[in-house]
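A short worksheet on the structure shown next.
Residue numbering restarts at 1 for every chain, and letters A, B, ... go by the order of the sequence lines. Since this is a predicted model, take the numbers as computed values, not measurements.
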Amino acid sequence: MMSPLSYIRSTQVWNSIFRHGIPRDRRTRVMAVMSNVFLHLHPVAVRKSGIRLSFTWCMGGLTFFLFLAETISGVLLMFYYRPVPEYAYSDIQALRAHVTLGVLREIHRWGAHAMIIAIWLHMMRVFLTGSYKPPREFNWGVGVILLVLTMLLSFTGYLLPWDQLAIWAITVGSNMGKATPFLGMSGPFSDVLMMPGGVPFVTTRSDAAYLLLAGTSVGENALMRFYVLHCIALPLATAVLIAVHFWRIRKDGGISGPM
Amino acid sequence: MSTTASSPSTYVPPRDPGSRSRNIVGLLMLILMISPMALKLIRGTVPAPTSIEGFKSLVDALSVPELSLSFFFMPLFVLMLVYYRQWTKPVIALPLLIIFCLFYFGSMVIDPDYRSIITKADNVPITIMLLGTMITLWVAFREAASNDARLEAGIPLVSQDREDKVLVWPDLVYIELLCLVIAMTALVVWAIALPAPLESPANPAGPPNPSKAPWYFLGLQEMLVYFDPWMAGVLLPGLIVVGLIAMPYIDTNPKGNGYYTLKERKFAISVWLFGFLILWVVLIVFGTFLRGPNWNFFGPYQYWDSHLQVPLTNINLSEYFWNGKNLLGFGLDRPLPTQQSHGAIYPFVREAPGIVFSIFWIFILPVILAKTVFRRLRAQMGGPRFYVMAVLFVFLAMLPLKMVLRWLLVLKYFVYLPEFNLNL
């Protein structure tokens with residue numbers, strides 16, 4: 001008489017998904033990693049000293065986990081939220097009042113803060129272990145871009161609740177755009193760039209801050225722009241670079257260790 | 001090679017040779033740290049901390065940036081690097097952490113203003129960041145101390161004791177799963193315990209006072225006190241990103257690759273940690289906790305009074321140069337150049353001292369550094385690498401320089417060219 005578990009493992013369905021036995025010996029454990037697209041981001045074997053928690057602090061993995069948590073909670077939030085000034089604020093209020101077990105927004109917001117802290121600490125760990133040194137120079141650069149993307153993701157998301165904190169924090173941040181040299185209205189050399197005929201190229205309606213906000217101040221166009229950046233453009237770019245980052249970890253010899 | 005040292009933390013190093021010079025540095029730093037408090041108490045400008053109120057006003061008086069950055073955080077940073085083999089021992093590290101927590105969380109009991117800042121939902125991440133940074137720094141320096149002692153003794157590093165490889169399934173996957181479960185639990189508990197704040201609806205006509213950027217940008221907003229937005233908001237952040245990406249190509253030191261050490265990478269680690277801990281983390285804490293209405297500075301126990309007026313009496317370098325009637329009394333004692341006196345180029349004549357200084361700081365100083373203090377580095381790194389590093393270095397150094405000049409000489413701008421929106 002077969003036990004139910006062994007029966008399931010003997011079915012065609014099970015065997016079509018998992019092409020190896022239970023990972024109990026060396027061969028099947030190697031197979032478990034090799035035949036799974038997600039686990040395959042890892043090498044098959046790693047340095048035992050490299051995976052110590054006191055060495056990695058698990059901060060890179062934690063950053064990735066928080067990215068996943070943000071993606072899932074973010075998609076759920078998109079069901080309830082409309083990015084126009086008439087509805088944005090009241091949708092957030094309704095989310096709090098009417099959605100059962102409504103901690104979605106909390107998970108999303110605190111997860112975002114935690115992700116920023118985790119990525120900073122990950123960077124500090126990689127720096128302090130000298131893991132940016134050859135052959136990992138390029139991957140460090142990818143990591144820096146990911147850090148910038150994470151902060152931009154957080155920054156664009158800050159505006160979406162459309163409360164006082166949101167618009168004024170974004171106003172403070174985007175005012176910096178106005179100070180960009182050459183391209184910002186109140187930045188150095190803003191009157192240097194000219195179009196043919198002596199028409200100034202940089203005006204309040206064509207400078208760097210206008211590009212960011214699609215307006216001269218934080219208004220409905222800025223809300224739509226930040227929403228699209230926050231939900232589509234930046235996450236896609238981040239996901240692609242995460243794939244590159246993980247791939248290069250493997251190609252550059254896995255978790256770093258003394259040569 | 002000995003293979004008996006199996007436990008990473010129990011290896012006791014022989015008495016190290018540089019302890020005397022280290023103790024002199026340590027003593028100097030301690031004197032620096034007590035001097036502002038001692039001076040204030042001797043002069044009687046603050047009451048002796050015999051009561052809770054006295055303690056609070058003493059802390060408030062000492063926490064202004066010019067005192068706390070120069071006489072507390074900087075010496076503390078030096079002590080951290082110099083005595084990393086000592087303070088990382090649990091018998092010292094744990095009491096230090098307890099003292100910090102007593103001060104940090106205990107202050108909530110004695111002061112309602114402080115409590116309202118610390119317990120504000122959006123400020124909770126700052127506390128987590130502070131504790132996280134401290135604990136990870138401790139872990140890193142503890143292993144660095146152990147590794148450096150091993151390097152001196154010529155025995156394998158902490159991570160070389162167990163060179164055997166393990167399979168990802170189950171060893172690594174198990175750790176990842178555990179981290180995921182713990183993080184998920186922590187996040188859900190945090191989410192249930194602390195509702196996400198929602199302020200009143202956006203009102204484009206009524207800015208709150210103070211208006212603050214998101215907390216992770218508050219180090220940059222704090223720099224606005226010393227620099228114009230094109231520097232603090234555009235150029236310096238850009239240089240941070242460029243400098244970080246350039247770092248692996250600049251740092252040609254082959255040692256310390258893949259393990260914690262301080263001894264083998266003293267320069268790289270001190271500069272980078274100075275940037276991260278002092279110019280980023282500490283400035284974020286200042287910007288979040290201690291900057292109130294009108295971006296005025298308030299001590300941790302001070303009430304954020306929105307009617308407080310702080311007169312701005314900052315003086316440009318050009319005024320120091322041309323007018324003799326200033327704070328220091330030096331200068332040419334002549335009026336500032338105008339269109340009448342110097343023709344169309346008068347702004348450049350007026351700002352000549354600042355322009356000369358900026359050219360010196362950015363272009364000449366790296367050359368001087370190459371020939372003096374950084375002579376060995378210059379030889380090791382080669383020209384192009386060295387000068388990229390040196391230019392990034394002088395830009396990094398510009399922030400502390402401007403801070404010190406602001407505090408000592410109320411200097412406003414090196415170069416003040418409103419004609420081009422170019423103020424430095």
[X], part contacting chain B, at a heavy-atom distance under 4.5 Å:
X: A:V46; value: both
X: A:I167; value: side chain
X: A:L68; value: neither
X: A:T180; value: both
X: A:F65; value: side chain
X: A:S154; value: both
X: A:L121; value: side chain
X: A:R109; value: side chain
X: A:R96; value: side chain
X: A:V44; value: both
X: A:A166; value: neither

Which bit of [X] comes within less than 4.5 Å of chain A, counting heavy atoms only: side chain, backbone, both or neither?
X: B:M231; answer: neither
X: B:Y216; answer: both
X: B:L137; answer: both
X: B:E264; answer: neither
X: B:V166; answer: both
X: B:F420; answer: both
X: B:D251; answer: side chain
X: B:T261; answer: backbone
X: B:V173; answer: side chain
X: B:A246; answer: neither
X: B:N253; answer: both

In terms of heavy-atom pairs under 4.5 Å with chain A, which of B:A186, B:P201, B:G233 leads?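 The candidate making the most pairs under 4.5 Å is B:P201.
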Could you give the distance from [atom1] ([X]) to [atom2] ([Y]), rounded to the nearest 0.5 Å?
X: B:K255; Y: A:K133; atom1: NZ; atom2: NZ; result: 10.0 Å
X: B:Y249; Y: A:W140; atom1: OH; atom2: CH2; result: 12.0 Å
X: A:W162; Y: B:L198; atom1: CH2; atom2: CG; result: 13.5 Å
X: B:L244; Y: A:Y132; atom1: CG; atom2: OH; result: 10.5 Å
X: A:I116; Y: B:I128; atom1: CD1; atom2: CD1; result: 13.0 Å
X: B:L194; Y: A:E106; atom1: CG; atom2: CD; result: 8.0 Å

Taking the six-membered ring for Trp, are the ring centroids of A:F55 and B:Y260 within less than 6.0 Å of each other?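 Ring centres of B:Y260 and A:F55 closer than 6.0 Å.
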So do the side chains of [X] and [Y] get within less than 4.5 Å of each other, counting heavy atoms only?
X: A:M151; Y: B:P214; answer: no
X: A:F127; Y: B:I269; answer: yes
X: B:L235; Y: A:P181; answer: no
X: A:D163; Y: B:P197; answer: no

Can you name the ring pair (Phe, Tyr, Trp, His ring centres under 6.0 Å) partners of B:Y174, sequence neighbours left out?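 If we apply the ring pair (Phe, Tyr, Trp, His ring centres under 6.0 Å) test to B:Y174, skipping adjacent residues, there are no hits.
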Closest heavy-atom pair and its distance - [X], [Y]:
X: A:L62; Y: B:A183; value: CD1-CB, 3.5 Å
X: A:G130; Y: B:N257; value: O-OD1, 3.4 Å
X: B:N421; Y: A:M185; value: ND2-O, 3.9 Å

Any chance you could lay out the side chain to side chain contact (heavy atoms under 4.5 Å, CB included) test for A:M31 and B:W169, step after step, and finish with the verdict? CA-CA 9 Å; A:M31 289 281 286; B:W169 186 289; over 6 Å; no
Modelled atom types, side-chain donor and acceptor of B:W215 and A:H113, under 3.5 Å: yes
B:V139 vs A:L53, side chain to side chain contact (heavy atoms under 4.5 Å, CB included): CA-CA, chis, key distance, verdict: CA-CA 10 Å; B:V139 174; A:L53 212 53; over 6 Å; no
Kindly indicate, with the supporting measurements, whether the criterion salt bridge (charged side-chain N to carboxylate O under 4.0 Å, His left out) is fulfilled by A:K48 and B:D171. CA-CA 9 Å; A:K48 192 173 174 188; B:D171 291 61; over 6 Å; no
Can you pull out the residues in residues 275-284 of chain B with any heavy atom less than 4.5 Å from chain A? B:F276, B:W280, B:I284
Max heavy-atom pairs within cutoff under 4.5 Å with chain B, candidates A:E137, A:R125, A:Q164, goes to A:Q164
